[in-house]
Amino acid sequence: MIKKLLKRVFGKTARARIEGKCHIIPFEVHGVGRDGISPAARKVAEGLHAAGYKAFVVGGAVRDLLLGRHPKDFDMATNATPEEVRRVFRRSRIIGRRFRLVHVMFGDDMVETSTFRRLIEAEDAQTDEHGRLLRDNEFGDQEQDAARRDFTANALYYDPVSQEIYDYHDGYADIRANTLRMIGDPVVRYREDPVRMLRAVRLSAKLVRMLRAVRLSAKLGMKLDAATAAPIAGMKELLGNVPQARLLDEMLKLLMSGHAVECVKKLRAMELHHGLLPMLDMILEQPLGEKFVMLALQNTDQRIAEDKSVTPAFLFAALLWHEVLAAWKARCDAGEPPVLALHTAMDEVLDRQREKLAIPRRYDAVMKELWLLQPRFEQRGGQRPLRLLAQPRFRAAYDFLLLRCESGEVDGELGSWWGEFQDATDERRAAMLLPDREPKKRRRRRKPDAKPQPEAAAQMALPIE
Ligand code: ATP
Ligand code: MG
């Protein structure tokens with residue numbers, strides 16, 4: 001409709017002009033107005049223009065705008081060096097040692113601004129023995145900057161001042177044709193950086209969902225171009241050379257993309273599990289946990305669609321929950337007291353995953369809290385439910401409980417009870433409380449040298465069968 005309107009206003013003459021290898025697509029053709037760009041990114045572009053430099057919004061933001069979606073952030077690319085950018089904006093700082101970027105601040109907003117980079121020629125490139133690039137951080141011009149990007153749809157440059165899009169690799173046509181296509185030879189590009197295989201899966205899943213959301217036929221979803229998809233099967237082993245931390249980073253992006261379920265299905269279809277992506281094996285290869293983990297992913301996608309907060313720790317806790325349960329049960333069966341057994345089971349599982357999944361330690365505390373609160377939902381007598389409600393992490397732990405109910409691990413009645421109890425009046429709560437059959441906490445006078453028991457531990461119930 002916008003297209004028709006534009007045609008009526010501007011006639012049929014509006015079309016891209018060509019400068020060298022670049023197609024410059026005017027606003028009248030693409031229809032993305034500068035009001036779609038965040039005020040901060042616009043100010044960066046305007047400031048750099050005024051100082052005589054070129055500046056463009058680049059990458060995912062342009063792609064998302066063309067697909068009618070609000071981008072999550074706006075990255076800028078410019079021909080100004082970091083020092084020159086720094087001189088234009090008082091509130092800015094240079095970050096990074098290997099490749100320096102500038103963070104430009106406007107109020108609470110920050111715009112990451114990077115100088116055009118070039119791909120280092122094959123003979124000068126530093127690679128590992130499998131051809132993986134170890135650095136790609138030389139300054140270059142815009143054309144070179146476009147060539148080092150991954151997909152044609154990610155190599156479009158939007159100038160907020162002129163409202164033109166600069167396109168060196170037919171990315172605009174590919175977006176119109178809903179095709180995700182690698183720039184250059186996909187075999188070479190995957191060898192340079194195997195993570196691009198995961199990006200291919202994540203971005204094509206994302207775009208399929210987006211197109212569905214705007215009610216275009218699912219068939220029209222962004223498909224992976226055949227030549228881009230074909231080498232993945234034969235090259236997937238290269239993921240084994242990627243440092244664990246980078247893989248985890250990319251998996252996390254994938255799981256938190258709002259399209260986790262779609263991504264996981266695609267990764268499975270491409271057989272990227274079985275040892276290549278430990279996180280994916282964790283999702284797909286736990287007999288008891290798969291249903292639970294897939295529910296957790298669905299739930300995460302749903303929350304993101306509703307603009308609710310999501311935390312990696314919740315997902316990680318879900319991923320590892322059935323392992324914790326199994327380890328806990330084994331310890332209880334061996335005669336360990338339940339409270340101690342749960343604590344040691346948690347530590348055991350967290351230690352075990354460290355080598356395989358590399359989940360950073362900063363998530364441990366929240367994961368443990370979510371797990372430790374679970375048995376406390378079983379206790380519905382006395383003051384205990386009220387104490388549980390007062391826990392700062394109650395809401396997340398309750399969401400976790402609901403997933404356990406939905407997966408069939410615990411009776412749905414427990415989830416419904418807590419759903420009602422948390423919103424009930426005091427009177428109703430009093431009526432809902434079950435007879436208090438739990439042993440009363442005995443108030444013993446502590447010996448001077450005895451360690452205090454943590455409250456959570458003191459109230460622990462038996463493991464759930
Ligand atoms: P998202 O919307 O999920 O952020 P994105 O495409 O913006 O997707 P980023 O990781 O933010 O992804 O990367 C920004 C841009 O940097 C990409 O659009 C692409 O042009 C380039 N890029 C990112 N990763 C790579 C890579 N591994 N190889 C080549 N170019 C890359
Ligand atoms: Mg991005």
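Atoms within each ligand, like the ligands themselves, are counted from 1 in listed order. When reading the values below, keep in mind they use all heavy atoms of this one structure, side chains included, and skip hydrogens, waters and symmetry mates.
With sequence neighbours excluded, no residue satisfies side-chain hydrogen bond (donor to acceptor under 3.5 Å, both in side chains) with Gln163.
Residue Ser204 is tested with Glu262, Lys266, Lys223, Arg199 for a side-chain hydrogen bond (donor to acceptor under 3.5 Å, both in side chains); the sole match is Lys266.
Here the CD-CG distance, from Glu323 to Leu320, works out to 6.0 Å after rounding to the nearest 0.5 Å.
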N/O pairs closer than 3.5 Å, ligand 1 and protein:
from	atom 1	to	atom 2	distance (Å)
ligand 1	2 (O)	Arg63	NH2	3.0
ligand 1	2 (O)	Lys72	NZ	3.4
ligand 1	2 (O)	Lys206	NZ	2.9
ligand 1	3 (O)	Lys72	NZ	3.1
ligand 1	3 (O)	Arg202	NH1	2.6
ligand 1	4 (O)	Lys72	NZ	2.6
ligand 1	6 (O)	Arg63	NH1	2.9
ligand 1	6 (O)	Asn154	ND2	3.4
ligand 1	6 (O)	Arg199	NH2	3.3
ligand 1	7 (O)	Gly60	N	3.3
ligand 1	8 (O)	Arg63	NH2	3.4
ligand 1	10 (O)	Arg199	NH1	3.0
ligand 1	10 (O)	Lys253	NZ	2.9
ligand 1	12 (O)	Arg199	NH1	3.4
ligand 1	12 (O)	Arg199	NH2	3.3
ligand 1	18 (O)	Gly60	N	3.4
ligand 1	18 (O)	Asn154	ND2	3.4
ligand 1	20 (O)	Arg149	NH1	3.0
ligand 1	20 (O)	Asn154	O	3.1
ligand 1	24 (N)	Arg199	NE	3.3
ligand 1	27 (N)	Asp193	OD2	2.8
ligand 1	28 (N)	Arg196	NE	2.8
ligand 1	28 (N)	Arg196	NH2	3.1
ligand 1	30 (N)	Asp150	N	3.2

Which pairs of donor and acceptor atoms, one on a side chain in residues 278-293, lie under 3.5 Å apart (sequence neighbours left out)?
from	atom 1	to	atom 2	distance (Å)
Asp281	OD1	His274	N	2.7
Asp281	OD2	Gly275	N	2.6
Glu285	OE2	His274	ND1	2.7
Gln286	NE2	Met282	O	2.6
Gln286	NE2	Leu319	O	3.0

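Checked for salt-bridge contact, Asp399 and Arg395 meet the test: a charged N lies under 4.0 Å from a carboxylate O.
Pairs passing the salt bridge (charged side-chain N to carboxylate O under 4.0 Å, His left out) check and including a residue from residues 155-168, sequence neighbours excluded, read Arg17-Glu164.
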